[in-house]
Amino acid sequence: EQMFDTLTERLSGVFDKLTGRGVLSEKDVDAALREIRVALLEADVALPVVKDFVAKVKERAVGDDVIRAVSPGQQVIKLVHDGLVDLLGGEGEPEGLALDGEPPIAILMAGLQGSGKTTTAAKLARRIQTREKKKVLLASLDTRRPAAMEQLQQMAQQAEAGFLPIVAGQTATEIAKRAMKAGQLQGYDVVILDTAGRTSIDEELMAEAKAIADIAKPHETLLVADALTGQDAVETARRFHERLPLTGLVLTRMDGDGRGGAALSMRHVTGLPIKFLGVSEKVDGLDAFDAKRVAGRILG
Ligand code: GDP
């Protein structure tokens with residue numbers, strides 16, 4: 001809940017000035033928008049996103065005749081709220097996972113090391129099993145880090161999901177093949193493939209992820225990004241999306257006290273839906289993304 005405190009404080013300062021005033025001049029609206037712009041930039045929202053956002057709110061404010069409205073301040077606040085919801089992907093039900101089709105369906109998890117990818121893989125397994133009543137098999141493809149494989153094995157137990165036994169010496173693509181085969185033979189509906197995390201995006205990582213995707217034909221390829229890393233997370237999302245056909249984003253550590261801008265920018269920069277938010281270290285700490293709720297949280 002701390003995630004958006006800074007942004008919330010800044011915006012409520014602007015809104016305090018707007019409310020409790022009978023009449024607003026165009027100048028007042030402009031001044032408010034200038035402050036909103038600063039608040040968003042300080043919250044780590046990327047400049048092009050901020051520019052777009054402010055222009056849209058201004059356009060609507062003029063079109064809606066905010067200045068002559070009964071409570072113009074409230075009107076501006078509503079426009080900002082609606083603008084944030086739009087920016088975050090619009091109203092309506094949060095987009096779920098594409099799990100229909102001939103089982104087993106593969107979900108590919110991608111992301112930098114430390115982003116929360118392995119934890120999120122287990123959280124997703126748990127969620128799909130409890131909510132969708134589907135059987136999930138978790139497989140670790142992180143051949144370079146045995147510790148990462150063991151971590152997923154432990155988390156699979158907590159999630160009460162299946163886990164593909166570790167076989168030393170196999171390549172990531174060999175494991176992917178084995179996972180899909182095991183999923184099929186053992187009656188799993190969903191196979192979640194946890195790809196290797198790296199400290200930076202490199203050609204080898206991308207080539208490997210592509211080869212895995214060719215084998216598993218995933219219905220979902222989810223990029224896991226740490227919300228606390230702000231603009232770095234946005235850049236990571238942009239670069240992954242250039243090379244791998246992602247279907248959605250998961251933002252972790254939304255329970256931390258980052259500045260929240262990453263959530264706003266990532267959606268805008270990649271055009272991809274944010275599907276889930278990580279909200280704790282625990283295996284049930286995964287929320288479906290809801291644009292209205294997040295916008296409400298930002299505005300306090
Ligand atoms: P990976 O290297 O990307 O697989 O990252 P891990 O899944 O190992 O996560 C790294 C650390 O972040 C672990 O200590 C996790 O418990 C923690 N973590 C992951 N997601 C969240 C989250 O949403 N909130 C919090 N507070 N911690 C998280």
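One-based numbering, in listed order, for ligands and for the atoms of each. The model shown is predicted, which means the values in this text are computed figures rather than measured ones. No hydrogens, no waters, no symmetry mates; every other heavy atom, side chains included, goes into these values.
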Is any NZ, NE, NH1 or NH2 atom of the basic residue among Arg178 and Glu174 found under 4.0 Å from an Asp or Glu carboxylate oxygen of the other?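 Answer for the salt bridge query: no.
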Ala233 to Ala225 - nearest heavy-atom pair and separation: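 Heavy atoms only, the tightest pair is CB-CB, 4.2 Å.
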Just to be sure I understand the cut-off, which residues have at least one non-hydrogen atom under 4.0 angstrom from an atom of ligand 1?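 Its neighbours under 4.0 Å (heavy atoms only) are Leu112, Gln113, Gly114, Ser115, Gly116, Lys117, Thr118, Thr119, Lys123, Gln151, Thr252, Arg253, Asp255, Gly278, Val279, Ser280, Glu281, given by chain and number.
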Using 0.5 Å steps for rounding, measure from the CD1 atom of Ile175 to the CE atom of Met149.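 If we round to the nearest 0.5 Å, Ile175:CD1 and Met149:CE are 4.0 Å apart.
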Value rounded to 0.5 Å, distance of OG in Ser140 from CD in Gln151: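 These two atoms lie 9.0 Å from each other.
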Just wondering, more than 12 heavy atoms not from Arg131 lying within 6.0 Å of its CZ?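 Not buried by this count: 12 neighbours or fewer within 6.0 Å.
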Any pair with a residue in residues 180-192 that passes side-chain hydrogen bond (donor to acceptor under 3.5 Å, both in side chains), sequence neighbours left out, goes on the list, sorted by first then second residue, please.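 For residues 180-192, and leaving out neighbouring residues, there are no side-chain hydrogen bond (donor to acceptor under 3.5 Å, both in side chains) pairs at all.
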